[in-house]
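So the structure is just underneath, and the comments pick up after that.
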There are 4 protein chains.
Amino acid sequence: MTSETDDLNAIVRGARAEFREKQIVDAAVSLMQTKGSHAVSMQAIAKSAGVSVGLLYKYFSDREQIVLAAITRVLDDFRLRVPAAIQNADDPVDRIIAAFTEFCRVVDEHRLAVVLTYQSSRSLSRSGLQSIQSQELATLQPLIDVVDEAAARGDLREVDAGTLGHDLMTLAHMWALKHWYFQQTGVGLDRYIDRQVRTVIVGNLSDGARRRVGLD
Amino acid sequence: MTSETDDLNAIVRGARAEFREKQIVDAAVSLMQTKGSHAVSMQAIAKSAGVSVGLLYKYFSDREQIVLAAITRVLDDFRLRVPAAIQNADDPVDRIIAAFTEFCRVVDEHRLAVVLTYQSSRSLSRSGLQSIQSQELATLQPLIDVVDEAAARGDLREVDAGTLGHDLMTLAHMWALKHWYFQQTGVGLDRYIDRQVRTVIVGNLSDGARRRVGLD
Amino acid sequence: MTSETDDLNAIVRGARAEFREKQIVDAAVSLMQTKGSHAVSMQAIAKSAGVSVGLLYKYFSDREQIVLAAITRVLDDFRLRVPAAIQNADDPVDRIIAAFTEFCRVVDEHRLAVVLTYQSSRSLSRSGLQSIQSQELATLQPLIDVVDEAAARGDLREVDAGTLGHDLMTLAHMWALKHWYFQQTGVGLDRYIDRQVRTVIVGNLSDGARRRVGLD
Amino acid sequence: MTSETDDLNAIVRGARAEFREKQIVDAAVSLMQTKGSHAVSMQAIAKSAGVSVGLLYKYFSDREQIVLAAITRVLDDFRLRVPAAIQNADDPVDRIIAAFTEFCRVVDEHRLAVVLTYQSSRSLSRSGLQSIQSQELATLQPLIDVVDEAAARGDLREVDAGTLGHDLMTLAHMWALKHWYFQQTGVGLDRYIDRQVRTVIVGNLSDGARRRVGLD
DNA sequence: AATGAATGAGAGTTCATTCAT
DNA sequence: TATGAATGAACTCTCATTCAT
């Protein structure tokens with residue numbers, strides 16, 4: 001076999017592996033979303049993914065790795081999309097709003113996976129837990145940065161950037177965690193975002209900034 | 001046997017039942033806090049409570065009822081202590097702060113049980129879930145009331161009381177949910193409360209109220 | 001409940017436990033004898049013992065404990081019966097022969113369990129292995145003692161007691177390990193014992209002893 | 001393609017096949033020695049041999065054939081080396097000693113494979129078992145022959161050649177089977193051989209032979 | 001009222017074997 | 001000739017639940 005064919009094989013293998021992993025994590029996420037991570041067996045994941053149990057273990061060393069991969073997929077989306085949304089806005093205050101808005105949208109798209117993140121914490125190994133915690137910190141950072149930036153510009157009342165940033169993340173997560181409540185009270189995503197912006201962002205703007213953005 | 005003795009027996013029985021239930025739920029809570037609800041077996045609860053497995057089923061129809069009882073115990077504490085804390089303050093703004101502060105303190109005392117609440121949602125039966133959701137709404141109500149009250153007095157900027165109340169609950173819960181983060185950043189409970197008050201309460205006060213409480 | 005009933009309960013429990021353990025080990029031994037230890041599943045042991053899989057784990061913490069118990073049962077028989085057989089003989093040479101003969105008889109009765117002992121060595125945990133090794137040393141000791149005794153009386157040519165004792169044990173074990181060979185060559189237990197006595201015992205007697213026992 | 005090239009191809013194929021089989025059995029033996037035959041998977045053998053799982057099945061019809069090949073390799077060594085060692089000695093008694101000594105040396109070199117032989121017996125198919133049993137008989141024969149020869153020369157006390165020959169094999173095997181014991185008692189291979197010679201060979205020499213070899 | 005022995009379905013995981021490439 | 005992805009039955013072990021005492 002020539003090394004050219006070797007290369008091709010390697011590429012095919014890589015592509016297949018990627019495809020399989022996606023296939024498995026997709027199945028896992030969709031099952032876990034409806035029943036909770038603990039209620040989903042490897043047998044069920046295999047069946048839902050249309051592969052054998054054995055194959056699951058070819059791609060993931062154990063059950064935890066699948067859960068971890070499911071969580072990581074969501075967190076990756078945050079890391080990609082929130083900074084992109086920030087770049088599309090110029091005004092410091094608009095950048096905060098854009099960041100929070102996009103954060104909420106990602107949460108909404110992965111609503112049940114976000115819930116999964118909070119549910120799984122207790123059943124993960126120490127190293128698995130640390131891994132997702134550090135990834136989560138990475139999703140938080142852009143929010144803090146954008147708040148810091150606005151503060152430096154004098155657009156915010158005296159406020160702790162870490163706290164405000166973390167609150168924004170928290171409230172975005174809450175859209176998933178307490179979705180039953182918002183559904184019950186008839187609050188849609190856009191209204192939720194609007195109300196949170198008015199409650200935690202506008203309230204913390206300096207008088208000048210508040211007049212400028214005109215949301216009051 | 002006289003009916004008097006009957007009555008006495010009934011009382012004794014009732015007292016014993018109450019004692020047993022407490023004994024069992026205590027054991028369950030303490031085990032679940034360290035290992036997560038799913039990792040705790042009925043056998044382990046029985047052993048830790050110093051009773052037999054069989055007895056567990058005399059007092060609780062199945063495993064879920066024990067989990068539910070554990071969660072209910074925490075929620076009861078909220079319903080009892082937050083209104084009490086509110087009554088101890090007179091000024092509408094102080095009442096908001098007192099409510100939030102006490103809410104945070106209860107969360108802190110039952111930190112792992114609060115986490116349990118979020119974790120269990122997916123594995124509970126529909127009726128069990130509804131039960132704790134309605135109890136949770138009951139813990140939320142005092143926060144909304146106290147915000148409404150302040151708004152009626154003109155102490156708040158134009159703000160949605162439901163949103164602000166829910167945010168306060170959310171941020172109190174977050175003290176438990178993200179405890180690893182605050183520990184890592186060296187933030188203690190008192191500082192956490194102070195920062196949240198400055199970020200989400202003070203920011204939403206009307207100019208008059210802000211001047212009055214002098215937290216600015 | 002009185003402490004008398006408690007005592008009775010404890011006795012009943014103990015008796016039942018003993019009965020169950022015997023029941024399980026019996027089933028395990030008989031299955032392992034025909035198929036080899038590795039080929040016997042916990043399901044099969046449970047079924048053969050007429051109990052549930054779960055109960056197996058009530059009495060034995062894991063699979064290895066059952067294997068260990070099966071082996072220990074045979075080794076206990078050696079420790080009990082070989083010394084008894086020795087006591088029934090007076091002449092030092094007769095005592096060696098009696099010891100070896102009884103050793104062979106025990107092997108014959110537990111033939112397949114002896115094979116099990118040799119087979120299992122590799123799959124046992126370190127501590128399990130050490131446990132059966134030390135038990136085996138205990139079965140060896142009477143053979144060495146009896147040889148030493150005869151040597152002290154001047155009944156043996158100059159010979160290493162440890163070596164001769166260990167050889168006797170080895171050759172007794174071999175009756176089980178190579179049973180297919182003796183069956184093929186038409187050698188029964190009694191003839192096997194007789195030939196080994198002539199080959200390894202008589203050959204090592206001093207002239208005086210040889211004349212005395214008259215086996216030559 | 002000429003038939004000459006065909007021949008050449010056939011030779012190359014044969015050589016490759018032989019190489020592959022050796023490669024696979026080598027890997028299998030070395031893995032089984034450390035972990036026991038049952039603990040070694042086909043995947044592990046393939047990996048250790050540096051080939052694919054599929055290829056294993058091109059050269060061996062199933063797992064048992066690999067185990068069988070591993071055992072056969074050791075037994076082949078006995079068949080080759082023991083007769084060679086015998087030829088190097090002239091005196092009938094020396095020939096017995098030489099045969100036993102070499103037998104022990106081969107055992108020592110393949111210690112764990114010998115253990116494997118005893119362990120595998122129960123898990124082999126009937127035909128596989130018979131195959132190794134007949135090979136084992138072939139390793140035993142030279143020992144019996146050499147004893148017979150000495151007996152015919154009048155160098156042995158009246159003794160059963162089959163029994164003595166089999167005992168010699170047994171005691172050689174035991175060097176592997178009870179290696180933990182000899183290690184514990186600080187007995188090395190040479191001392192083990194020496195002691196066994198004194199115990200089972202010298203004891204069975206006729207007075208004349210004993211005087212001649214002067215080992216007494 | 002209380003026990004705990006007993007159950008058995010179902011969990012995660014492994015591995016001999018096959019087969020399309 | 002050689003690969004290794006894929007299979008799925010079988011493994012050990014757990015645990016919610018029952019029931020005779």
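Every chain is numbered from 1, with letters handed out A, B, ... down the list of sequences.
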Kindly indicate whether the side chain of [X], heavy atoms from C-beta on, has any atom under 4.5 Å from the side chain of [Y].
X        : Y        : value
B:Val67  : B:Met32  : yes
C:Leu116 : C:His110 : no
C:Gln43  : C:Val53  : yes
B:Val74  : B:Thr117 : no

Per [X] side chain, nearest of listed nucleotides [options]:
X       : options              : result
C:Arg16 : F:dA9, E:dA5, F:dA6  : E:dA5
D:Val53 : F:dA2, F:dA5, E:dA6  : F:dA5
D:Met42 : F:dA2, E:dT3, E:dT17 : E:dT17

Interatomic distance, [X] [atom1] vs [N] [atom2] [rounded to whole Å]:
X       : N      : atom1 : atom2 : result
C:Ile45 : E:dA6  : CD1   : C1'   : 18 Å
D:Gln43 : E:dT14 : CD    : P     : 11 Å
C:Ile24 : E:dA6  : CD1   : C1'   : 11 Å
A:Phe19 : F:dA6  : CZ    : C1'   : 14 Å
B:Glu18 : E:dA1  : CD    : P     : 15 Å

Show the nearest heavy-atom pair for residues D:Ser125 and D:Glu64, with the distance to one decimal. OG-OE2, 2.6 Å

Taking all non-hydrogen atoms of both residues into account, name the closest pair between B:Ala69 and B:Phe60 and its distance. CB-CE2, 3.9 Å

Let me know, please, whether B:Ser52 or A:Gly54 comes out on the 5' side of the other along DNA chain E by nearest nucleotide. B:Ser52

Base-paired stems that DNA chain F participates in, counting runs of 3 or more Watson-Crick or G-U pairs under 3.5 Å: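 Looking at DNA chain F, the stems formed by three or more consecutive pairs are E:2-21 with F:2-21.
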
Near DNA chain E, under 4.0 Å by heavy atom, which residues of residues 55-73 of chain B?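 B:Leu55, B:Lys58, B:Tyr59, in order of number.
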
Let's go through B:Ser37 and B:Arg63 carefully: what are the C-alpha distance in whole Å and the side-chain angles of both, what is the deciding distance for side chain to side chain contact (heavy atoms under 4.5 Å, CB included) to 0.1 Å, and is it a yes or a no? CA-CA 10 Å; B:Ser37 130; B:Arg63 196 182 185 285; 4.3 Å; yes

What orientation do D:His38 and C:His38 show, parallel under 30°, tilted 30 to 60°, or perpendicular over 60°?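 Parallel.
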
With sequence neighbours left out, write down each residue that passes side chain to side chain donor-acceptor pair (under 3.5 Å) with A:Lys47, or none if nothing qualifies.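 In terms of side chain to side chain donor-acceptor pair (under 3.5 Å), with neighbours along the sequence ignored, A:Lys47 is linked to no residue.
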
